[in-house]
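These notes are about the structure you will find just below.
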There are 2 protein chains.
Amino acid sequence: MDKQCKINAFRTGLAQFVTFEEDEWEILSQHLSFSTLKKKEHFIVEGKVCDYMCFITRGAVRYYHIKDGQEITGYFSFENELMSAYKSFLKRTLNTNYIQAIEETDLVMISYQNLQQMLSHPLLALKMERFGRLVAEHYICCYEDRVTAFITQSPEERYTMLEKTAKDIFQRIPQHFIANFLGITPVSLSRIRKRTLLQ
Amino acid sequence: MDKQCKINAFRTGLAQFVTFEEDEWEILSQHLSFSTLKKKEHFIVEGKVCDYMCFITRGAVRYYHIKDGQEITGYFSFENELMSAYKSFLKRTLNTNYIQAIEETDLVMISYQNLQQMLSHPLLALKMERFGRLVAEHYICCYEDRVTAFITQSPEERYTMLEKTAKDIFQRIPQHFIANFLGITPVSLSRIRKRTLLQ
DNA sequence: CGAAAACGTTAACAAAAGATAAGGATTTTA
DNA sequence: TAAAATCCTTATCTTTTGTTAACGTTTTCG
């Protein structure tokens, strides 16, 4: 997959938020960089400031915390999705978790510096502000659903829902990561799967 | 508390996101409306589209879902905080929960229509986009912490943390609402409190 | 003021989840 | 290809939580 191809995928991916005109895109695309993460390679680790927000053109990553020496996976991102340690990136604070490639992963990246530059670029400012707003609003909606699930559903209900709405991630992600994502232990998820199969 | 006083509180509250100049504020303040919710009065109920985002100048509200006929409280907002059914407001979709005043509550409100108008107002657009972006980013950071708590902490740890960081809400909010907020039943919270007192 | 509603605690029992360890299958990698 | 690592399941035991109900206190409201 060559660079132009990645840029195109990026542009298509952004279209759900904002459509850039040719001249705007010309400028924006000069502020991008590119990277590939090997499987198990980290995009960011605890204690650093996250300097990039990314678009994944290929692959998958997991977000995890380390608590009492144990890794706890909280989220995943896949191709055609955005990825960053948002809080650290936005507030310039030390990051408190890890983002690691689960598969070999291609990234289109915007550095914090370049983003700020575009936000003060007269031809781009308005559209970039809107882009940032729409992306952030999109994530708010995702988070709203996620928190609601924790508040109103049992682990078993959360599993059943996931199995219904995103069956494919079970083919792609080790089950013990998914368990963490659902807020339970891998052993418990194994039991729930057995239980719900028998019913 | 008169209208001007509420507007001032609103302006101060927004300052954490964006500072408006006099001429900008002149326009913005003409797009506001005001309301007071009596205790137990609803700001929005399930099945409606949320038409306002609000700033609370006095009082407190709770957000709750109804599941199997039972109310489950998921969040609170207090004076000097923003309040809305964001997903419904932003995406113009039917709202799936309830927002109800816990105390008598004063609101400064921006309607969806007025917000859109300001977003297309040449003198306000850029700043309103930025305002929207920064608010949304702020909520993303809050949500990030909330989800992390559900993923990495036990109910008891979440309680201890809340007791440490926001002790005052126990004086202000019925305990069974707080239990829901922590993701457990009221009975369970009562046990946890007894347990942690004895230690 | 008095009845009704709301609230927090406790008890008893059932159900679910956590912790730990073991076993076997698969995948990774040196 | 062989050893190591990863992964899922299962079993056992402990701990925690959910459920339901009862009780006393406080608050609300007609």
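In what follows, every chain begins at residue 1, and chains take the letters A, B, ... in the order their sequences are listed.
In this entry the distance linking CD1 of Ile72(B) with C1' of dT19(D) reads 14 Å, nearest Å. In this structure, the CG atom of Asn180(A) is 11 Å from the P atom of dA19(C), given to the nearest Å. One atom, CD of Glu104(B), and another, C1' of dT28(D), lie 15 Å apart when rounded to the nearest Å. Rounded to a whole Å, the OH atom of Tyr159(B) is 13 Å from the P atom of dT17(D). If you take CZ of Phe170(B) and P of dT9(C), they are 11 Å apart, rounded to a whole angstrom. Atom-to-atom, CZ of Phe150(B) to P of dT17(D) comes out at 13 Å; the value is rounded to the nearest Å. Arg62(A) places its CZ atom 11 Å from the P atom of dT6(D), with the value rounded to the nearest Å. Rounded to whole Å, atom P of dT6(D) lies 11 Å from atom NZ of Lys39(A).
Applying the ring pair (Phe, Tyr, Trp, His ring centres under 6.0 Å) definition to pairs two or more places apart or across chains, those involving residues 99-121 of chain A are Phe89(A)-Tyr112(A). Counting only residues at least two apart or on different chains, the side-chain hydrogen bond (donor to acceptor under 3.5 Å, both in side chains) pairs with a member in residues 174-192 of chain A are Gln175(A)-Arg193(A).
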Every protein N/O lying under 3.5 Å from an N/O of nucleotides 13-18 of chain C:
unit_1  : atom_1 : unit_2    : atom_2 : d
dA17(C) : OP2    : Arg195(A) : NH1    : 3.3
dA17(C) : OP2    : Arg195(A) : NH2    : 3.1
dG18(C) : OP2    : Thr185(A) : N      : 3.3
dG18(C) : OP2    : Thr185(A) : OG1    : 3.1
dG18(C) : N7     : Arg191(A) : NH2    : 2.8
dG18(C) : O6     : Arg191(A) : NH1    : 3.3

Each nucleotide N or O in nucleotides 23-25 of chain D that has a protein N or O under 3.5 Å away: list the pair and distance.
none

Atom pairs under 3.5 Å, N or O on each side, protein against nucleotides 4-8 of chain C: can you list them with distances?
unit_1 : atom_1 : unit_2    : atom_2 : d
dC7(C) : OP2    : His176(B) : NE2    : 3.1
dG8(C) : OP1    : Gln175(B) : N      : 2.7
dG8(C) : OP2    : Gln175(B) : N      : 3.2
dG8(C) : OP2    : His176(B) : N      : 3.2
dG8(C) : OP2    : His176(B) : ND1    : 3.0

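Ring geometry for Phe131(B) against Phe17(B) counts as perpendicular: the plane angle is over 60°, on a 0 to 90° scale with 30° as the lower cut.
Using a 4.0 Å cut-off between charged nitrogen and carboxylate oxygen, Glu22(A) and Arg11(A) count as a salt-bridge pair. Taking a cutoff of 4.0 Å between a charged side-chain nitrogen and a carboxylate oxygen, Lys3(B) and Asp106(B) do not qualify as a salt bridge.
Within the hydrophobic cluster formed by Ile, Leu, Val, Met, Phe, Trp and Tyr side chains joined at under 4.5 Å, directly or through other members, Val49(B) is accompanied by Leu94(B). Members clustered with Met161(A): none, using a 4.5 Å side-chain heavy-atom cutoff among hydrophobic residues.
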Please tabulate, one pair per line, all N/O donor-acceptor pairs under 3.5 Å involving side-chain atoms of residues 79-88 of chain B, not counting sequence neighbours.
unit_1   : atom_1 : unit_2    : atom_2 : d
Glu79(B) : OE1    : Arg172(B) : NH1    : 3.4
Glu79(B) : OE1    : Arg172(B) : NH2    : 2.6
Glu79(B) : OE2    : Arg172(B) : NH1    : 2.9
Glu81(B) : OE1    : Phe78(B)  : N      : 3.1
Ser84(B) : OG     : Tyr52(B)  : O      : 3.0
Tyr86(B) : OH     : Tyr139(B) : OH     : 3.0
Lys87(B) : NZ     : Asp145(A) : OD1    : 2.9
Lys87(B) : NZ     : Asp145(A) : OD2    : 2.8
Ser88(B) : OG     : Cys50(B)  : N      : 2.8
Ser88(B) : OG     : Thr93(B)  : O      : 2.6

Identify every side-chain donor-acceptor pair in residues 147-155 of chain B under 3.5 Å, counting partners at least two apart or on other chains, and give the distances.
unit_1    : atom_1 : unit_2    : atom_2 : d
Thr148(B) : OG1    : Glu144(B) : O      : 2.8
Thr152(B) : OG1    : Thr148(B) : O      : 2.8
Ser154(B) : OG     : Glu157(B) : N      : 3.2
Ser154(B) : OG     : Glu157(B) : OE1    : 3.3

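In this structure, the salt bridge (charged side-chain N to carboxylate O under 4.0 Å, His left out) partners of Glu163(B), at least two apart in sequence or on a different chain, are Lys167(B). Residues passing the salt bridge (charged side-chain N to carboxylate O under 4.0 Å, His left out) test with Arg130(B) are Glu129(A), sequence neighbours excluded.
Each end of the helix from dC1(C)-dG30(D) to dA30(C)-dT1(D) gets its own axis from five base pairs, and the two axes differ in direction by 60°, given to 10 degrees.
Between His65(A) and Glu71(A), the side chains place no donor N or O within less than 3.5 Å of an acceptor N or O (distance only, hydrogens not considered). Inspection of the Gln100(B) and Tyr64(B) side chains reveals no N or O donor paired with an N or O acceptor under 3.5 Å.
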